[in-house]
Each structure stands twice: as C-alpha cells, then as structure tokens.
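Below is one structure, written out as structure tokens; comments come after it.
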Amino acid sequence: MTTVPFVLVALPVPLRTLFHYLAPVPLPAPGTRVSVTFGGRQLVGIVIAGTDQCDFDTNKIKPLDNVIDSQPLISGQLLKFIRWAANYYHAPLGEALQAALPAALRQGDAAQYKADTGTQLWELTEEGRGLPAGALGRARQQASIIKQLQQHGACRWAELKNAGCSREALRALSEKKLIRPTSNLAAPFNAQSPLNLNPEQQAALGAIAPHGFGVYLLDGTTGSGKTEVYLQAIAQALAANPQAQALVLVPEIGLTPQTLARFRHRFGPSVCAVHSGLNDTERLNSWVRAAEGDARIIIGTRSAIFTPMANPALIIIDEEHDGSFKQQDGFRYSARDLAAVRARMLNIPLILGSATPSLEVLQNAHDGRYRHLRLTQRATANQATPIEVINSQPAAEQHGITSEALTALAQHTGAGNQALVFLNRRGFAPVLQCRDCGHQLSCPHCDARLTLHRSPYHLHCHHCDYQRPPAKHCESCQGHRLEPLGAGTERSEEYLNQVFPDTPVIRIDRDSTRNKGALDALINKVHEGEPCILVGTQMLAKGHHFPKVTLVIILDVDSGLFSADFRGPERMGQLITQVAGRAGRADQPGQVLLQSQHGDHPLLQLLLNQGYGQFAQALLDERALTLMPPSAFLVLLRADAPNPAAAMQFLQQARLLAESIQTDQQVQILGPMPALMEKRGQRFRYLLQFKALNRRTLNAYAGKLITLIDAQKTARTIRWSIDIDPQEMG
Ligand code: ADP
Ligand code: ZN
C-alpha cells in the first residue's frame, strides 16, 4: 500500500475548492466522512482523494480530527454522480454533497436506523413476520416488540416506548433485520393486482427495454394511465430481479397521500417515501433503507435524485415538465436533467412522464435521443373534454367571474356534481388603488404591488413577505377612497358564497392549507362527494383525483401570453392543459371553460383547437428561429446588492472578463441588465446572460469565467451566482 501525505476533503462551505488535511494511515476511502477544524469551526467533510500535491505551506496543514465512518458513507458510484453534478453546475462539491445528504448525516450521525423520534413508525420485515415463536430466546424485550408489531401491523416508537420497550432492544432487532422503520404516510397494503393494460399502454410498456440505458418520454394525456405504466414497469424490474430498486420522482405538490397510496397498494411495505413532512430522523431512516436495498421503491421530490441505492434498476420522473425539479437557489441543479445522467451512469432506463412535456424533453425526443411513447386516450370511459372559451371584458366581469361561468356553475352543482374554479392568485385582490389619484400601494422593499388579504385583513408582499395593516388613506393624495382591483382566490370565494349560498365553497391555496392537516381536511370534504365549488391555485392542478368534478373553470391565465419570460407561453399551455385534465375523470362527462380577454390570440387558439402537441411544436419552431432553448443553451450570472451601482459594476467587470476569454464569438453575451423584478427584498438585482449553440462550449466557458471571477476581490463582497440552464429569467 502506498501512502500519500495529504487527503482532499470536500467541506460544506461556499468555496469552489477541496481542502488539504494530513492523511491518516490507513487513508480513508473516498466517500468517508471525517470531522475537521476549519476556520476555528468543527465541520463534517467528505474524503474525496489522497494526494501528494500541495501548493500551500505544508507545515500549516492540519490533521483530521476524526474519521467518522469505518466504511465509506457514499459509494463510489454515487460520489461519481454527485461530482459530475457539481462540476456541471459549477457548484462547490461540498455544497452539492450537502444537498445530497439528509441533515442527520451532514451532522455526523451514524448511518443506521435511529429511534429518537416518537412519530417514527416501525414494522416487521419479511423475516420478522416469519419468525418462529421462541426464536428470540431470553431476549424478552425484543420478543415483546415483535409481538406488538405482529398484533398491530406497525407501531410508532412512542407507543413501543410507553409499553416499556428499550431503545437497545429496538436497535438489536433492526440490526438483525427483523424490523425496520417505515415512512409514516403509510397506506394499507392490499395487494392490488395490476390492471389489464389497453393497447397503447401495452405498446408503451413493451417499448421500454428493462435493461440498459435508455430515456423514454411517456407523453400521455391526463388520465391516460401513465401511472399504471410506471407501476408495471417497476413490477417488470422486480420480476427480473426481486432485489431491484426503482426511484420515482414527483413534483413537490404531487407527493400526495393519494399518490403514495397507489404505490403502497401495489407494492406494499417496500415502498419508501422521502417527503417534506419527514423529520430528520425519519429522513435518515429512509436514506438507510434505500442504501441498504430494503426499500424497493423510493418516492420523493427533487433532492431524492441523490438517494443511494444498492440495486438501482429504474428511474421514473412523473410530470417531468414541473418547475419544482429545478432547485432555484444554492446548488441550482435540475433533478430531471440529472436523472438522465444518473441513469446513463447506472446503465438503467429512465422514464419521463407528462401530459405536457417540456420543450427541452420534446426536442430530445424529436432528435431521437429519447424514445417518444404516446398515450392518446384516457384509460377510463370518458375522453378528455374540449376547452370552450368565454370571452370576457374587464367591465363585464363580476368580481372576476363572467355570467356564463356562473350559469355553468349553477348547472353542474344543481345536477349534484362538483366544480373547480382555478385562479392562480391567492389573497383577496392583487392591487389596492386610490380612486382619486390612481396611486397603487406597493412594497417598500420590492418592485411589486401589495396584495390585499382579508383573512386575516392585511397587505402582503408575495415576494419578500413584507406585511402591514391596510392603509385608511392614500399615501399619495391622502384621499380615502381605496379600492381593491382584480380578484384573488379569497375574493372569488367570497363572491361565489354570495351567489351560491346553499353550495359549500372550498378554497384551497397556500393560505387556507397553512395549518397541519388543513389540506387533508379540505380534500376529505371534497371526497365526501356532496356538490361543492372548489376554488384554488396550482395546488389543485396536480396529484389530486376528484372523481365528482365535472366542471372546470380557468380564470385569468392571459398573463402567460404577454410574459416577459420567454417560457411564459409554454407554462401557460401546460397549466391550462393540466387544469383542464381535472374535469370528468370518472364516469361523468366534463366541461371546461376558459375565461380570457384574449380568446382569439393565435397561440391560445392553437392550444385549444390543435392540442398541446401542436402548440408545443409551434413554440419549438419559434425557439429555433429566435435561437432560444432548447435550440441554444443559456447561462445566467446574477448579482444583487443593496446598492444598485455595486451590483451593476460587478457585472460590468464580469463582462470584461467574459469578453477577454471569448474565442470565435461562440458565446453571445447580453447585459448587464436588470432582472425582471429589479428590486426585491431591498436588494437590486441584475444579470448577465450567456448563450451558445453548443452546450459543452458554453459550460467550459462558464467554468473559465467563474475561475476568473472567483479571483476578484469584489467576488467576496457582492452576492452573485451562476445558473446553468436557468428556468427562471428573473
Ligand atoms: P395518468 O397518470 O396518465 O394521469 P392514471 O394512471 O392516473 O393516469 O389513470 C387514470 C385512471 O385510469 C385511474 O383511475 C386508473 O386507475 C385508470 N386506469 C389506468 N389504466 C387503466 C387500465 N388499463 N384499465 C382500466 N383503468 C385504468
Ligand atoms: Zn416586498
């Protein structure tokens, strides 16, 4: 064994470098956690490699304080993937590793099951279930835990503890693999058998090669049975190898108890969820279950893309177009794009499912890099409903809802059905305006108007969270005729309550669901099936299945047509299609009404008459003409500061550096320019945009530029960031 003098450690600090420490003997393997002293603090770092190179004064290199793991925590495979990601997004490796690990492991806890939280559910493993009586001999505590779990199916740690069980007994059983923690959104397992696939589903499933790398776009209308295809693709993988593991990523608001239940019903306790409702201990336990291979199906949101797996066989991304797969701060990665990289490294298939595929993914499908699989028919009796337009004029609208829409609401609820009114704006009114001078109340910290809320009554900035009581007088002319303009969900709710006093109006948005359990309570009320009107934001667009909803009314999506962000129309088309897909999912036919002031806009007409596929094609053609993604690649360099000149100067300097490394004008530089919202949270925000036709050229260029910027003094005084393949242009 050769010995090297130094070990390179990744630390959770915002510096794009690794840190030298004196190498212990034996050298810990890459992926091992160590604790070190850094700038007077104790930090947990990850060993990346040994080295004999060091440009610093080697007398000042400190030893490691402690080697935490006897085995590497992060496997070579996973470490390679995370390094690839950090490299591609130009993020410090230490920060990328931090994003990839649950908090308990970041802090140095052992990578084993833990019981220190009362809410953690424990259940028997297959071996535990088959344990013959008396097998535990004189270990009475252990036997009593087994007995309790046999009686109750699963128990929370608090219940076991109250019954006199000790932590040691629990640990002993989990080390013997007789029990394991389970995710506490557990739904009952009733061994639901697979459905008979229709011919389209069958063709799609048949096209997915169970082994080897391949990316499949499952482009299927809402309700076409994509989820059933996922379930059977997983079943295929498990049939080929009972130890196989599948990773399923869903959008943040798509990880509902209903979604989990579908997987639990089919696959039982081997399904493990990683969601934001878990506490640190529960997250650690999920991580260990996945790493040890005990969790066969791991369902999670964005960061679950970094889940360790002992026997990875398949990755699935549901609703791949969803914005929540992109991390918008810190380590700005796209879990969807990384999924393709991870699948390639692991040599396994990746399924990207959506009713409204992103233009990036569609382009890959057109170019033949991804296999395009289509489900054009709904799996149930009812076909998707065409969307009818109601042309609305601002003056003709009563509180944002036209009389045609009200008539339809009366008809559907009168017939005993439920209706959904979609409005992507919470609060009462987006603007409070003075009738005398026209002044609108705005946020003192942002370039944004304050939203009026009624419950509780206050003004709120949705960008920086600034709040204040509503003014009695206009700040500008002292007049006292202040008038709310436009409608948010609160106002629609109030108005619909007036018009339909006998029909419950249920509002579902971030405000009405803030308290724990509130969303479940509202959803349960809808599932009781009585006629009602649901009013809500995006939260209603995904994951929930409302069989009694026959009418969907979409209010005010026009802003997407005139958005300053080039992705505005794409997002609008996706939103309309997804929301419309909520209508008539069960045995009743549906009706969809889109209320618009620009009903004859060519893009809207294209979407409504030709469908999302043709609409997306038109947008792709336009992006090809204007050389925007996916026909070109973008990188944003953002900077913000309390002083606008400081941020601007920093970017001007960065532009000079950028020009100095230009070769052959392969990269187009735009800016510095103000962000879409120049002032936000008392900071002034600017950006430089880089564009190139070649992804690799641009990425290498960005890497060079960052090295130059990092070497500048101002790089440490200004807040700046790099965003590779940005999703938001603000
Ligand atoms: P998607 O994921 O495409 O929105 P789902 O998988 O949720 O569609 O399917 C919509 C509905 O159709 C569900 O209620 C599902 O149980 C049902 N379904 C799916 N596939 C079939 C099938 N082959 N036969 C009968 N019903 C099906
Ligand atoms: Zn603000």
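In this chain, numbering begins with 1 at the start of the sequence shown. Counting starts at 1 for both ligands and their atoms, following the listed order. These numbers come from the heavy atoms of this one structure, side chains and all, not from hydrogens, waters or symmetry mates.
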Under 4.0 Å between a side-chain nitrogen and a carboxylate oxygen: does that hold for Asp723 and Arg638? yes
Taking the non-hydrogen atoms of Thr221, is any one of them nearer than 4.0 angstrom to ligand 1? yes
Can you name the atoms of ligand 1, numbered from 1 with element, that are less than 4.0 Å from a heavy atom of Asn196? 22 (C), 23 (N), 24 (N)
Other residues, nucleotides and ligands only: do more than 12 of their heavy atoms fall within 6.0 Å of CG on Asn524? yes
Run through Leu218, Leu217, Leu205, Val229 and flag the one making a side-chain contact (heavy atoms from CB on, under 4.5 Å) with Leu373. Leu218
Using a 4.0 Å cut-off to any heavy atom of Ala379, which atoms of ligand 1 qualify? 12 (O), 18 (N), 19 (C), 20 (N), 21 (C), 27 (C)
Taking Ser358 as the fixed residue, which of Glu319, Glu320, Gln727 is the one that meets the side-chain contact (heavy atoms from CB on, under 4.5 Å) rule? Glu320
Atom indices of ligand 1 within 4.0 angstrom of Leu197 heavy atoms, with elements: 23 (N)
Tell me, please: is Arg262 in heavy-atom contact with ligand 1, that is, under 4.0 Å? yes
Taking N or O atoms only and a 3.5 Å limit, does Thr222 qualify as a polar contact for ligand 1? no
Donor-acceptor side-chain pairing of Gln578 and Thr222 below 3.5 angstrom: no
Angle in degrees, rounded to 10°, that SG of Cys443 and SG of Cys464 form at the Zn ion (ligand 2): 110°
Report the C-alpha distance between Cys434 and Ser476 in whole Å, list the side-chain angles of each, state the deciding distance to 0.1 Å, and finish with yes or no for side-chain contact (heavy atoms from CB on, under 4.5 Å). CA-CA 9 Å; Cys434 171; Ser476 180; over 6 Å; no
For Ser563 and Arg571, test the side chains for any donor-to-acceptor distance below 3.5 angstrom and give the result as yes or no. no
If hydrogens are left out, which of Leu231, Asp318, Leu195, Leu375 has an atom nearest to atom 25 (C) of ligand 1, that is, the closest non-hydrogen atom? Leu195
Inspect the contact between Asp511 and Arg454 and indicate whether a charged nitrogen and a carboxylate oxygen are less than 4.0 angstrom apart. no
Under 4.0 Å between heavy atoms, the region of Gln201 that gets near ligand 1 turns out to be side chain
The Zn ion (ligand 2) to nearest N/O/S of Cys446 below 2.8 Å: yes
The Zn ion (ligand 2) to nearest N/O/S of His462 less than 2.8 Å: no
Less than 3.5 Å apart, any donor N or O on the side chain of Gln232 or Gln236 sitting next to an acceptor on the other? no
Decide if atom CZ of Arg371 counts as having more than 12 heavy atoms of other residues, nucleotides or ligands within a radius under 6.0 Å. no
For Ser224, is the nearest heavy atom under 4.0 Å from an atom of ligand 1? yes
Would you say the Zn ion (ligand 2) has Cys461 as a near neighbour, meaning an N/O/S atom of that residue under 2.8 Å away? yes
With a cut-off of 4.0 Å, which atoms of ligand 1 are near a heavy atom of Asn198? 23 (N)
Taking only non-hydrogen atoms of Gly225 and a 4.0 Å limit, the atoms of ligand 1 in range are 1 (P), 3 (O), 5 (P), 6 (O), 8 (O), 9 (O), 19 (C)
